[in-house]
Enquirer: 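Please read through the structure below; I'll follow up with questions.
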Number of protein chains: 2
Amino acid sequence: MATLSDVAEEAGVSPTAVSRYLNNRIELPQGTRDRIDAAIAKLDYRPNLLAKRLSTGKTEAISLVTPEIGNPFFAELAAAVEAEAERHGYAVYMSSTRGDRAREVDAIKRLHDQHVDGLIMMTNQPDDGTLARLLARHNNVVLLDEDIPGVSVPRVFVENEQGAYAATQLLIAAGHRDIAVISGPGGLMSVKERLAGFRRAMGEAGITVREDWLLLGQYSREFGHDAAERLLAGQERPSAIVACSDYLAIGVLQALRHAEVAVPGDMSLVGFDDMPFAELVDPPLTTVRQPVAEMGRLAFTRLLALINKTETETMTRLPVELVVRKSVARFGG
Amino acid sequence: MATLSDVAEEAGVSPTAVSRYLNNRIELPQGTRDRIDAAIAKLDYRPNLLAKRLSTGKTEAISLVTPEIGNPFFAELAAAVEAEAERHGYAVYMSSTRGDRAREVDAIKRLHDQHVDGLIMMTNQPDDGTLARLLARHNNVVLLDEDIPGVSVPRVFVENEQGAYAATQLLIAAGHRDIAVISGPGGLMSVKERLAGFRRAMGEAGITVREDWLLLGQYSREFGHDAAERLLAGQERPSAIVACSDYLAIGVLQALRHAEVAVPGDMSLVGFDDMPFAELVDPPLTTVRQPVAEMGRLAFTRLLALINKTETETMTRLPVELVVRKSVARFGG
DNA sequence: CTAGCACAGTAAACCGCTTTACATGGCGAA
DNA sequence: TTCGCCATGTAAAGCGGTTTACTGTGCTAG
């Protein structure tokens with residue numbers, strides 16, 4: 001591969017000149033410019049990024065850590081981040097922590113070694129302080145989708161409270177009063193906020209919340225399934241369920257189908273996320289849509305601003321939207 | 001950050017010694033080793049990967065190019081590759097081409113610049129020779145899931161022919177004779193092979209294939225939808241459809257639902273891939289499962305072998321498995 | 001007694017680019 | 001005429017490692 005020096009020699013100038021020319025740090029007369037351009041073309045010169053990075057200390061790369069890249073929600077988020085990064089000439093290192101705390105820690109440490117310019121972090125489990133401590137030492141971090149308390153960095157979240165509020169209101173408007181909630185780990189911000197939205201809607205309607213119908217566990221299909229079974233096994237049954245993720249809703253749907261409880265006939269259900277499959281399941285799922293593409297895009301934008309020192313801590317809340325499909329029916333009919 | 005020289009100074013040896021010690025290229029007496037280890041611990045030394053890479057020319061990173069990381073099939077594949085890469089200490093650069101030829105070209109070129117050690121390539125559109133030419137110039141490439149004719153590199157594919165054969169056989173065994181196929185772009189290997197499997201099954205059963213019921217287009221929901229509509233609009237209708245991807249099948253399902261054609265009552269359907277949502281749709285989809293995790297794992301393994309020069313061109317075919325659910329019924333009831 | 005060898009390292013070049021500080025020539029102004 | 005300055009560059013020192021070739025020093029074998 002041709003190097004900068006080769007180009008310089010070919011063009012009859014010094015490597016310095018070529019370097020500075022390419023980085024717009026020098027004004028050269030037309031003739032010289034032409035010679036350099038010609039040499040570059042002739043030798044098919046492409047700068048060695050490794051050398052450039054070592055020299056400048058900037059990598060033009062970011063790290064993206066996701067809980068599970070195979071999960072469509074995170075995959076879409078990742079795709080959006082990647083697309084925006086690419087637009088700005090940034091490469092993205094991806095790591096999938098598979099819900100493993102050790103791997104999260106690893107990913108952050110490795111980020112240090114990879115010398116990426118920044119990190120977009122997603123997590124789906126409550127932090128015990130480990131992550132917060134680790135992230136505090138790093139400069140360019142933005143948190144996406146889920147909070148890690150105690151780190152002061154830009155954050156991009158959605159209106160969790162609003163979303164759950166709207167979902168619950170929809171159920172109440174359909175005549176439901178016995179409403180259960182199935183959600184993720186109690187320590188997670190999104191879980192707390194969605195629960196708060198639920199409580200607010202219930203409160204405003206003057207309905208007492210049954211605490212034993214608030215089932216917190218994991219944002220997973222399995223937990224959705226198990227929680228629904230538990231609900232069905234109880235003395236009294238709710239007539240509607242707010243599942244705080246579409247994965248949970250899917251699990252619920254499976255349990256209900258297995259128990260031959262008709263949806264929405266015998267049980268109404270609303271999800272959260274609006275994953276691609278939400279409209280494909282039976283029945284098509286009424287759910288709260290998160291603006292995934294916008295979230296990813298914005299997260300990268302924030303990170304870039306951070307890298308360029310034009311940004312400090314900010315918190316953005318993106319609006320969500322209730323998408324009404326077929327999984328909610330009027331109570332009793 | 002502490003450098004190698006800092007460590008050397010602290011330990012009272014030369015940087016060379018430390019470097020060689022860390023890379024197991026020298027035997028040092030216990031005393032010296034201890035001093036170096038102590039210095040490393042004291043200074044919290046972590047080697048600068050950038051410098052190491054520039055120096056050695058090895059990056060311990062690979063590039064993964066996928067058509068669409070937001071697509072669960074590719075996302076799962078990517079997750080599997082990432083997991084295996086991580087096990088071996090490799091980082092992975094991800095790029096999503098969004099079905100754009102220019103972006104594919106870009107990704108490959110950039111790979112050259114990023115100086116990654118290798119590339120795992122997935123594509124979902126026929127190559128006009130551009131990619132083949134580009135890839136020929138690069139050493140460490142493995143093709144995953146789909147072929148690019150004319151490049152002699154390791155490949156990891158599935159038994160496409162077998163899969164379609166089994167799917168078709170299932171339909172024939174259920175009494176169907178009027179079977180249509182909806183598939184991806186005609187130029188794609190997977191499309192050809194799946195079609196071949198279909199023809200073989202039909203041939204063995206002595207059924208004539210209706211060429212106008214072979215609908216080739218894109219591996220997308222939209223095309224599945226449109227193709228199904230076209231099928232329904234015809235003079236005669238098939239009683240069963242082989243959709244060569246689950247995305248296609250979903251589209252078909254939507255079109256059929258809209259036209260109030262019951263599945264599997266009025267129309268049987270089998271998909272391909274066994275994406276996570278396949279069992280969640282209505283009715284749960286009978287489909288051909290691809291061993292996604294194994295594909296990803298193997299692709300990385302092959303690439304690693306290639307990087308270490310212990311491998312040349314190989315082609316692996318992973319077996320597929322017919323997963324019977326509820327979307328196929330006996331013909332006539 | 002000495003040649004030779006193993007041991008325990010080291011000096012210095014190099015990977016390819018950036019950047020700081022400096023150089024040269026010509027020209028305008030005093 | 002001379003000074004200074006602008007335009008047009010250049011030399012060389014990094015960035016932080018790796019690697020090749022080499023050096024002392026002591027010990028052993030002959």
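In what follows, chains are A, B, ... by sequence order, proteins preceding strands, each numbered from 1. No experiment lies behind these values; they were computed from the predicted model shown.
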Enquirer: Send over the distance from Lys58(B) NZ to dC14(C) C1', rounded to a whole Å.
Expert: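 Distance check: Lys58(B) NZ to dC14(C) C1' gives 19 Å.
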Enquirer: Check this for me, if you would: do Glu104(A) and Arg98(A) make a salt bridge, where the nitrogen-to-carboxylate-oxygen distance has to be below 4.0 angstrom?
Expert: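 No salt bridge links Glu104(A) with Arg98(A).
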Enquirer: May I have the distance from Glu27(A) (atom CD) to dG9(D) (atom C1'), rounded to whole angstrom?
Expert: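 Answer to the nearest Å: 13 Å.
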Enquirer: Let's see if you can work this out: which of dG9(D), dC17(C), dG9(C) has an atom nearest to the side-chain heavy atoms of Thr32(A)?
Expert: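 For Thr32(A), the side-chain atoms sit closest to dG9(D).
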Enquirer: Quick one: is Lys52(A) getting a side-chain N or O under 4.0 Å of the dG16(C) phosphate, OP1 or OP2?
Expert: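 For dG16(C), OP1/OP2 do not have a side-chain N/O of Lys52(A) under 4.0 Å.
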Enquirer: Between dA7(D) atom P and Ile26(A) atom CD1, what is the distance in whole Å?
Expert: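 Atom CD1 in Ile26(A) sits about 12 Å away from atom P in dA7(D).
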Enquirer: From the list dG17(D), dC17(C), dG9(D), which nucleotide is the closest neighbour of the side chain of Pro47(A)?
Expert: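 Ranking dG17(D), dC17(C), dG9(D) by closest atom to the Pro47(A) side chain puts dC17(C) first.
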Enquirer: Counting only side-chain nitrogens and oxygens, does Arg25(B) get under 4.0 Å of the OP1 or OP2 atom of dT19(D)?
Expert: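 Answer is yes, contact under 4.0 Å.
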Enquirer: If you only use heavy atoms from C-beta on, which nucleotide in dT18(C), dG9(D), dG16(D) is closest to the side chain of Asn23(A)?
Expert: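 Selected nucleotide (nearest to the side chain): dT18(C).
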Enquirer: Between Met1(A) (CE) and dC14(C) (P), how many Å, whole number?
Expert: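 After rounding, the gap between these two atoms is 20 Å.
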Enquirer: Mind checking Pro15(A) for me? I need base, sugar-phosphate or nothing, with any heavy atom below 4.0 Å counting as a touch.
Expert: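 No contact.
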Enquirer: If only atom types and distance count, is the side chain of Glu146(A) paired as donor or acceptor with the main-chain N or O of Met189(A) below 3.5 Å?
Expert: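 Indeed, once roles are kept as given, a pair shorter than 3.5 Å links the two residues.
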Enquirer: Roughly how many Å is it from CZ in Arg35(B) to C1' in dG9(C), rounded to a whole number?
Expert: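 Atom-to-atom, Arg35(B) to dG9(C), this comes out as 11 Å.
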Enquirer: Applying side chain to side chain contact (heavy atoms under 4.5 Å, CB included), can you list everything that pairs with Ala305(B), at least two apart in sequence or on another chain?
Expert: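 Partners of Ala305(B) by the side chain to side chain contact (heavy atoms under 4.5 Å, CB included) criterion, ordered by chain and then number, come out as Thr310(B), Glu311(B).
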Enquirer: Look at the side chain of Thr16(B) and decide which nucleotide, out of dC17(C), dG16(D), dT20(D), has an atom nearest to it.
Expert: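 Of all the options, the side chain of Thr16(B) is nearest to dT20(D).
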Enquirer: Would Asp117(B) and Thr59(B) count as a side chain to side chain donor-acceptor pair (under 3.5 Å) here? Give the steps.
Expert: CA-CA 6 Å; Asp117(B) 294 341; Thr59(B) 55; 2.9 Å; yes
Enquirer: Taking for each residue the nucleotide of DNA chain D with the nearest heavy atom, is it Tyr45(B) or Arg20(B) whose nucleotide lies nearer the 5' end?
Expert: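 Upstream on the strand: Tyr45(B).
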Enquirer: In terms of relative ring orientation, are His88(A) and Phe300(A) parallel, tilted or perpendicular, with 30° and 60° separating the classes?
Expert: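 His88(A) and Phe300(A): tilted rings.
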Enquirer: Would you kindly check whether a donor in the side chain of Ser55(B) faces an acceptor in the base of dG17(D), or vice versa, at under 3.5 angstrom?
Expert: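 Side chain to base: pair found, below 3.5 Å.
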Enquirer: Could you tell me whether Leu50(B) contacts a base, only the sugar-phosphate backbone, or nothing, with contacts defined as non-hydrogen atoms closer than 4.0 Å?
Expert: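 The residue Leu50(B) makes no contact with any strand.
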Enquirer: The side chain of Ser19(A) lies closest to which of these nucleotides: dT19(C), dT10(D), dT18(D)?
Expert: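 Side chain of Ser19(A) sits closest to dT19(C).
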Enquirer: I want to verify a distance call: between dG9(C), dT10(D), dG16(D), whose nearest atom is closest to the Ala51(B) side chain?
Expert: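 Ranking dG9(C), dT10(D), dG16(D) by closest atom to the Ala51(B) side chain puts dG16(D) first.
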Enquirer: Atom CG of Leu54(B) and atom P of dT18(C): how far apart are they, to the nearest Å?
Expert: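 So the two atoms are 12 Å apart, to the nearest Å.
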Enquirer: Provide, to the nearest angstrom, the distance between the CG atom belonging to Asp6(B) and the P atom belonging to dC15(D).
Expert: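 So the two atoms are 10 Å apart, to the nearest Å.
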Enquirer: When the distance from CG of Leu4(B) to P of dA11(C) is rounded to whole Å, what number comes out?
Expert: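 Value for this atom pair: 14 Å.
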